[in-house]
J.: 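My questions will all concern the structure given below.
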Amino acid sequence: MGSASVTERGIRIAIDRGGTFTDCVGNPGTGNMEDDIVIKLLSVDPSNYDDAPLEGIRRLLSKFLGKDIPRGEPLDTSKIESIRMGTTVATNALLERKGEDIALVVTKGFKDCLAIGNQSRPNIFALNIQKPEVLYKKVVEIDERVTLEDYAEDPVRHETKAEPIEKAGQDAELVRGMSGEAVRILQRPQEETIRKQLQEVYDSGLKSIAVCLMHGYTFPNHEALIGKVAKEIGFEHVSLSHELMPMIKLVPRTTSACADAYLTPAIKKYISGFEAGFEGGLGSESVKREKGSKGARCEFMQSDGGLVDVKIFSGLRAILSGPAGGVVGYALTSYDPETKIPVIGFDMGGTSTDVSRYGSGRYDHVFETTTAGVTIQSPQLDINTVAAGGGSRLFWKNGLFVVGPESASAHPGPACYRKGGPLTITDANLFLGRLLPDFFPKIFGKKENEGLDAEASEKLFQVLAADINKEVSGGNKDKEMSLDEVAYGFIKIANETMTRPIRSLTEARGHDTSKHRLATFGGAGGQHAVAIAEALGISQILIHRYSSVLSAYGMALADVVDERQEPESKVWSDEKEVREYLQKKMADLKAKSTATLNDQGFEGDNIQFEEYLNVRYRGTESALMIIKPTKEEAEKEYDGDEWAFGKAFVKQHEQEFGFTLPDRDIIVDDVRARGIGKTFEGLEKTVDQQLREIKPKDLPKGEKQYSTSQVYFEGGRQETPIYKLEDIAVGDRIKGPAIIADGTQTIVVTPGASALLINTHVVINIGESDEQDKKVDTKEVDPIMLSIFAHRFMAIAEQMGRALQKTSVSTNVKERLDYSCALFDAEGGLVANAPHLPVHLGSMSTCVRKQAEIWKGKLKRGDVIVSNHPMFGGTHLPDITVVTPAFSGDKIIFYVASRAHHADIGGILPGSMPPHSRELFQEGAAIKSEKLVSEGHFNEERITELLHTEPAQYPGCSGTRCLADNINDLKAQIAANQKGINLISTLIEDYGEDVVQFYMTNIQDNAELSVRNLLKEVSKRFEGQDLSAIDFMDDGSPIKLKITIDAEKGEAVFDFEGTGPEVYGNINAPEAVTYSAIIYCLRCLISEDIPLNQGCLKPIHVKIPKKSFLSPSDNAAVVGGNVLTSQRVTDVVLHAFRACAASQGDCNNLTFGFGGSASDATGRKTETKGFGYYETIAGGSGAGPTWNGTSGVHTHMTNTRITDAEVFERRYPVILREFGLREGSAGKGMHRGGEGVVRDIEFRIPVQVSILSERRCFRPYGLEGGEDAGVGLNIWVRGVEKKKGEEGKAQEYRYISLGGKNTASMTPGERIIINTPGGGGWGKEGGESRVVKQKDPMEGWRKGSLAERQSVAEASA
C-alpha cells in the first residue's frame, strides 16, 4: 500500500469501530486501491488513548502528511474531505443497558404493553422464563383515545368517508388519518393535565421521553401535542413514534420510540466528544461555512446500509451501524450487475458469525428485528447472527459434540489468548494447524506483546478428549479418539451449526442456496468458508483483499441515504385515480427527501430514488415491500408500465410463497421513498470482468512458499504449503491443500479446491469434496457422526416445514406457522420434529405408529394416509396429520408426516373450537384412517365427503366452511412430505441406507440416555421415594399421578390411577396429549438442548386408566383437552417432580364473530357471510427454586402470540379498552409468581362471544410454602334496561360472571373482561431470595428475518 501525494482537501477516511478491533481505511484522494493505508487497533485501550476512531484518524493523518501529530492535539480538518464511520456505541448501550434513563408516555390502558409484548416466551422449554427488561424507568398514561371506524374483516366492505382534521375542524369526531382511513376520536387529551403529568416526570430527573399512542401512525395529532408540551417544559430529547416510523403495530412502534429516546442521548454524547478532537468542526453544516476553518464532511452508517450526516444520526437507526458496512462492502465488491449472480455474505468474527444475502442489485431490508432483546421497527439490513464466531465454546454434552451458542467473548477470549479462557473454535483451528500464530497480531500476555498460546489450547483438548474417551471407549484403547479427531469433530459440528440457518435464510425467501456465491469476510471466515460452501452446494467463494476490514471499506463505498415512509390503506388498482393518488403521495415523500439531501450538498443527478409500496393480499399479514420496476424490467415484463406495482407484487408473491390469490384485493399498507445521495463513482472492474480477462497460472510446488506445516484435513494431517498473500501475483493459482495468510486473515484451501488471485479478491473454486470418501462404520457409534446426523435430521424436518409454508394458502399455516413436520423410523418412532410445538411432540408418533399397524403390508409407493381422530394419535380435530411411507424396494424404511391446524373442519361453530361441545361430532370431521393419495392419485372426492358432506349430516352441524383452503393445505402437506423423502433419499445416496438407519436408531438411544440420567438424579434427590401429585379441573375432575422410579435402570412408571372418569363435556384429552405433556416436562427438567424424539419415552411406562377423561371413548368431545387439560397434566407432572409452582394452567381461549350456516324454520340451510376470530391469552408463570415467576406470558403447552392492539382494531369491530398486568393475581412467596393479565374488549357490532378457560375455581398452587395464585374471572359487561321510574339513562351496564366456559350474544357497547390467573409462589414469604440471574448467550445476536421466523414457528403452539 503506497502513499501517493495528498490531493488538496482529499483525504478520505472510513472507520468501523467493532467490539474488539477498530478498523480504519484511508485514501489520499486518488481513489486508487493501491494508495490506501489500512490500520487495525484495539477498540478499548485506555492506557494509550481515550477514543479508538480518533486515534486511528491521528495515525492515518500522520502517515499521509508525513509528520508526527502528537496525541491530544486537535486534528486539522482542512486536509480531510470526508470521515465515514460505523459504530457499536448504540448496540453496546443496549446490550449493557447503559442508555439514558427515560419515561414512556402511552394511551391509558396500555401502560404494560411492553412488559407483555406479544405474550410469547423466548425459550419454549425454559421453566425460568426470561423476558428482556423494559428500557423505561417510568410510565405515564394519557387519557386520550382514537380508533378506526371501519374494519377489514367486514364482509360488506363498508368504507366511511371523512375529511382530514384541517378541513373537518378541530372538534370533529370523525377525521381522515394519514393512511386514508376514517379515524374516530373517542377522547381528546387535556393539555393542562398532560403538562402536569410531564412536569412531574421532569422534576423526578428524567430528561428524555418516548411517546407512542394508539393509532398514532395514522393520527399523530395527540402525539404532536404531547411533544410540544414536553419541549416547552424543557425535555432534552423527545421521541415521537409517528416521526420515527409511522407503521401500524403498537408494540414494535413503542419499543422503537423507547430505543430512540434511550440511545440518541448516548450517541449525541459520544459524537460531541468525538467532534471535540477536531479543529474546524464536522458535518455538512461546517463544510458550508464561508469564514474561518472549514470543517470536513462526516457521516455515520445507519442500520439500513445508508450513510447519514453526523448532525441527524439517531439511536434508532444506529443499532446495526457496524455490520451494515460489511454488507455494503461485500455487496458492492462481489456482485456483478451483468451476470446477476446473488451473493451470501458470511461474516465470521471473534464474537459473532453474521449472515446476509445480496441479489437483484439491491439490499434485503426487514422492518422488524430484535437486537439485545429489543424489537425495533425501522428499515434495517437483514443481518442474522447464526453463531458466536471464533469464540464459540466447545462442549461434550449427553454423548454429543456441541458448539455454542455460549461465547468466550472478547474477555477472557479463547484459551489461546493467554487470559485463562475456555476452549473455542479458534483453539480447534489453532490446534489443527489451520490458524498460524506467525500471522496473528502479538497483542497477548501481561505486556500485550506475545503471540497465541498453542500449549494452552492443547492442554484443554487433552482434558476434554479424556472425558469423551471415558464415555465412548468403555476402557477399550482401540476405540479412543485422538486429539486431532476430537478437535476436527468440533470444527465439523460448528460448520453444521452454521449451515442450517444459512440454508433457512435463503430458502425461506424462495431462493436456491447452490445458485449463490459465498462472500467471506471477518477474521475467522477464511478457515471455514470451503466447508460451508460445500455443505450449501456453492461452487465459488470470494474473499476480498480487505476481507478483515471490509466493514470499514464498505463505509468508504456507501451512499448517503434519506428514508421516508407514510402509512396507507388504499386497495391497489390500475385505474388512473388510484395511481395518481399514490404517485402524488410518492412525489411528496421524494420532495422532502430531496430537500434533506440538498442540505447535505447533493444536487441533480447525484440524487437517485428507490420507490416502494408495501403491499399484501386482503386477509393476510404477509406484506411484501415491492420496488418500482426498472425501465428494463417494465419493457420486458409489464408492457413498458413502470408503475406496475400490482403485477410486480403478484410475481414476487409467486416466487416467495409459491401461489397467488387472484380473487383477493391487493392492499397498499405503506408508501416508501429511499433517497440516495450518490458519492461513489463505481468500482474498478467487477469480479466477473476480471475472471474473463485473467489467464490463470498454476504455481509450481515450492514456488513463492513462505513455509510448510502439518495441517489436519479429513483423514489426517498433511504437509501443507503456506503462502503470504502479498507474495502471490495476480493470476497465480494455488491448488489445495494450502494456507494463504496475511496479518489479518487466514484462508484454508482444502484438498480438491483451488485459490486464484485477482486484483481485488482471492477466488476459491471448489472441486471434488474429500468428505464423503470415508466409509462410515455401523458397528460402533461415532459421536461426531451422531452429532452431525442430529443436525441433518432436524434440517430435513425444518426444510419440510418451509416447503409446507411455501405451498399452503391458509393464514394458520402460512403466517401463524401452526404446523409440525417430522420424520420417523420404520416402526413409526419419532426421529426429528420441527418446529417444537410441545403438544405435537409425543402425539405425532402415536398417530404414525397406529397408521403403520393398520396398513401393515398394504401400502404401495405413492400412497399417502390422512388422519385426525383423537383415538388414532390425534390431539383435536382441526390438527390433521398426513403420513407418507418411504420405500426401498418393497420395504418401508421410514415415514415422514406433517400436521397442520386447519382453520375450519365443520361442526357446530365456525373455527371448529366450540366451548360447549358434548360429543365429538359437534367439533367437526373425524377421520380415523383414510388414503388421501393412492399410488400417486389424489382422492379429492373422498376427502370432500369426509370434510364437507359427512359432518353436515349431524344435527346442528355444518361441513367445513373453507373446503378450498383445506384441500390446498392438504396438498401442501403432501408436497412437504415428498420434500422430506427426497432429502432423506439424498442422505442415503451420500452415506448408504444402513448408515442412515443406524443413526436413526442411535439418535433415539441418545435421547433415551439423557432421560435415564435425569431419572437417576431425581431418584437420588428424593432418596428413592415415589413422587405423587393431584390437581383438579374446575368441574372437580381429579388428575392423579404417582411416579415410581427404578434408580438402577433409570426407568419410571407414570401411573394416573385415580384420575376422574370421562366427562360429558369437552375437557377429555386423548392419550397422545398426556404423552406430549410428559415429553415436554422431561425436556424442561433436563434443561439441555437434547434431540427430542421417541427415545425420550423409552424409559417411561405410562399407565392411563381406560374410560378416564385422559383416555376417553371414541365419541367423546376433546376440544378442551388439547388446550386446557394438557396444561393441567403438565402442572401435575411438574408438581410431582417439585420443579416449580403452578403457572396459570390455562390458555384462556376466546372466540367471537358472526355468520356461518344456520337452518331456517323449514330446515333449509342458509349461509350468512361473517367472520370469526380466535385468540389465547397470557397469564402468570410459576416461581421456582432460583427464579421469580414472569408476568403476562404464555406457559407450557402453548406459546401463541397475541394480535397487536392496533392490528386487532383495524381488522375487527372492537375497541381494546385495556390490556395490562393484573395486579395482585400472583402467588406471594420467597420468590413471587407472575401476574396474570386483564383484557377488556368492547364490541361495536352484535357478535357471538365464547370463552373456554380453566383455573376459575382451583387456584394455581404454590410450592415449598409459597402461596397459591389468584384464579381467573370472566366478566360480561351487559347492557340492561332500567326499570320504570329509575333515574338517569334508560340503560345501565351490569357486571355478570360468565364462569369458565360460556357463550353469549353481545350487543354494541357491551364488553368482555378476561382476568387471567397468576402463577404460584415458591418458598415462604420473607425467606432469603435465591434468585439466580441467567444471561441468555444469544442476547446480543442480531435477529433478522431468520430469528423472527423461528419465534413465529415456536409461537404457534
Side-chain angles (χ1 to χ4, degrees), residues 152 157 159 178-181 247 304 335-340 342 358-365 367 379 509-511 559 561-594 597 604-676 678 809:
R157 307 261 181 270
E159 208 174 302
M178 307 260 295
S179 59
E181 293 161 292
M247 273 181 112
D304 64 359
Y335 179 80
D336 186 324
E338 274 181 38
T339 59
K340 295 187 170 60
Y358 185 81
S360 319
R362 55 179 171 266
Y363 300 108
D364 274 352
H365 285 115
F367 292 82
R509 288 270 174 96
H511 306 293
D559 295 315
V561 166
D562 182 71
E563 278 266 3
R564 303 275 161 168
Q565 186 166 317
E566 274 193 15
E568 190 40 73
S569 61
K570 268 270 181 276
V571 174
W572 170 263
S573 136
D574 284 323
E575 284 170 22
K576 192 172 169 209
E577 187 190 340
V578 173
R579 282 184 171 221
E580 283 178 355
Y581 168 84
L582 291 168
Q583 281 164 344
K584 179 178 182 320
K585 203 160 191 173
M586 187 71 81
D588 291 347
L589 292 177
K590 284 165 71 175
K592 287 175 187 166
S593 212
T594 303
L597 290 168
D605 289 350
N606 286 341
I607 300 179
Q608 294 175 9
F609 281 96
E610 286 178 2
E611 298 171 42
Y612 296 89
L613 294 183
N614 195 27
V615 194
R616 64 185 165 84
Y617 280 122
R618 188 189 288 282
T620 71
E621 290 289 298
S622 314
L624 295 175
M625 193 58 83
I626 303 297
I627 191 167
K628 182 177 149 185
T630 60
K631 222 182 181 105
E632 181 184 77
E633 285 171 331
E635 292 296 335
K636 204 165 121 196
E637 305 198 26
Y638 309 120
D639 304 324
D641 176 8
E642 283 181 49
W643 253 72
F645 279 102
K647 289 178 184 143
F649 164 71
V650 171
K651 181 184 168 198
Q652 196 170 325
H653 200 280
E654 171 78 51
Q655 183 209 320
E656 260 186 57
F657 301 121
F659 74 97
T660 59
L661 298 168
D663 52 344
R664 297 245 189 127
D665 287 341
I666 294 172
I667 310 283
V668 180
D669 274 345
D670 303 275
V671 181
R672 173 182 165 220
R674 184 173 167 86
I676 300 168
K678 283 282 179 200
V809 297

J.: Heavy-atom distance under 4.5 Å between the side chains of Val671 and Gln565, does that happen here?
T.: no

J.: Between the side chain of Tyr617 and the main-chain N/O of Leu661, is any donor-acceptor distance below 3.5 Å?
T.: yes

J.: Measure from the side-chain N and O atoms of Asp336 to the backbone N and O of Glu338, and report whether any donor-acceptor pair falls under 3.5 Å.
T.: yes

J.: Supply the atom-to-atom distance Thr594 OG1 to Arg564 CZ, rounded to the nearest 0.5 angstrom.
T.: 9.5 Å

J.: Would Lys678 and Asp605 count as a salt bridge (Lys or Arg N to Asp or Glu O under 4.0 Å) if you check the C-alpha gap in whole Å, the side-chain angles of each, and the deciding distance to 0.1 Å?
T.: CA-CA 8 Å; Lys678 283 282 179 200; Asp605 289 350; over 6 Å; no

J.: How about Val615 and Leu624: do any of their side-chain heavy atoms sit closer than 4.5 Å?
T.: no

J.: What's the shortest heavy-atom distance between Lys585 and Pro567, and which atoms?
T.: NZ-O, 2.9 Å

J.: Within the distance-only criterion (no hydrogens, no angle test), does the side chain of Arg664 pair as donor or acceptor with the backbone N or O of Arg618 below 3.5 angstrom?
T.: yes

J.: Going by heavy atoms in the side chains, are Phe609 and Ser593 under 4.5 Å from each other?
T.: yes

J.: What's the spacing between Phe367 CZ and Asp669 CG if we round to 0.5 Å?
T.: 12.0 Å

J.: Please check this pair: side chain of Arg157 against backbone of Ala152, looking for a donor-acceptor N/O pair closer than 3.5 Å.
T.: yes

J.: Do Asp574 and Arg579 touch side chain to side chain, with heavy atoms closer than 4.5 Å?
T.: yes

J.: Any side-chain donor-acceptor pair under 3.5 Å between Glu632 and Thr630?
T.: no

J.: Please assess Leu582 against Val668 for the test side chain to side chain contact (heavy atoms under 4.5 Å, CB included), listing each intermediate value before the final yes or no.
T.: CA-CA 9 Å; Leu582 291 168; Val668 180; 4.3 Å; yes

J.: In Å, rounded to the nearest 0.5 Å, how long is the span from CD1 of Ile667 to CG of Asn614?
T.: 12.0 Å

J.: Side chain to side chain contact (heavy atoms under 4.5 Å, CB included) between Arg672 and Leu589: does it pass, once the steps are laid out?
T.: CA-CA 8 Å; Arg672 173 182 165 220; Leu589 292 177; 5.8 Å; no

J.: Less than 3.5 Å apart, any donor N or O on the side chain of Glu610 or Tyr612 sitting next to an acceptor on the other?
T.: yes

J.: Could you measure the distance from the CD1 atom of Ile676 to the CD atom of Glu563? Nearest 0.5 Å is fine.
T.: 9.0 Å

J.: For the residue pair Leu597 and Gly675, what are the closest heavy atoms and their distance?
T.: CD1-C, 3.8 Å

J.: Could you check whether any side-chain heavy atom of Met247 comes within less than 4.5 Å of a side-chain heavy atom of Asp670, counting everything from C-beta outward?
T.: yes

J.: So, for Ala634 and Pro629, which heavy atoms are closest and what is the spacing to 0.1 Å?
T.: N-CB, 4.4 Å

J.: Could you give the side-chain donor-acceptor pairs of residues 642-651 under 3.5 Å, partners two or more places apart or in another chain?
T.:
residue: Lys651; atom: NZ; partner: Glu637; partner atom: OE1; Å: 3.0
residue: Lys651; atom: NZ; partner: Glu637; partner atom: OE2; Å: 3.0

J.: Tell me, do Tyr581 and Glu568 make a side-chain contact under 4.5 Å, heavy atoms counted?
T.: yes

J.: If you define the side chain from C-beta out and look only at heavy atoms, does anything of Ile627 sit under 4.5 Å from Met625?
T.: no

J.: So does Pro662 get a backbone contact from the side chain of Thr660, meaning a donor-acceptor N/O pair under 3.5 Å?
T.: no

J.: Is Asp304 close to Arg674 at the side-chain level, that is, under 4.5 Å between some pair of heavy atoms?
T.: yes

J.: Where the side chain of Lys636 meets the backbone of Glu633, is there a donor-acceptor pair that is under 3.5 Å apart?
T.: no

J.: Would Asp588 and Lys590 count as a salt bridge (Lys or Arg N to Asp or Glu O under 4.0 Å) here? Give the steps.
T.: CA-CA 5 Å; Asp588 291 347; Lys590 284 165 71 175; over 6 Å; no

J.: Ignoring hydrogens and angles, tell me if any N or O in the side chain of Ser569 forms a donor-acceptor pair with the backbone of Ser179 under 3.5 Å.
T.: yes

J.: Show, in sequence, the C-alpha distance, side-chain angles and deciding distance for Val571 and Ile666, and conclude whether the side chain to side chain contact (heavy atoms under 4.5 Å, CB included) test is met.
T.: CA-CA 6 Å; Val571 174; Ile666 294 172; 6.0 Å; no

J.: Looking at Gly361, is its backbone amide N or carbonyl O close enough to the side chain of Tyr335 to form a donor-acceptor pair, meaning the two atoms are under 3.5 Å apart?
T.: yes

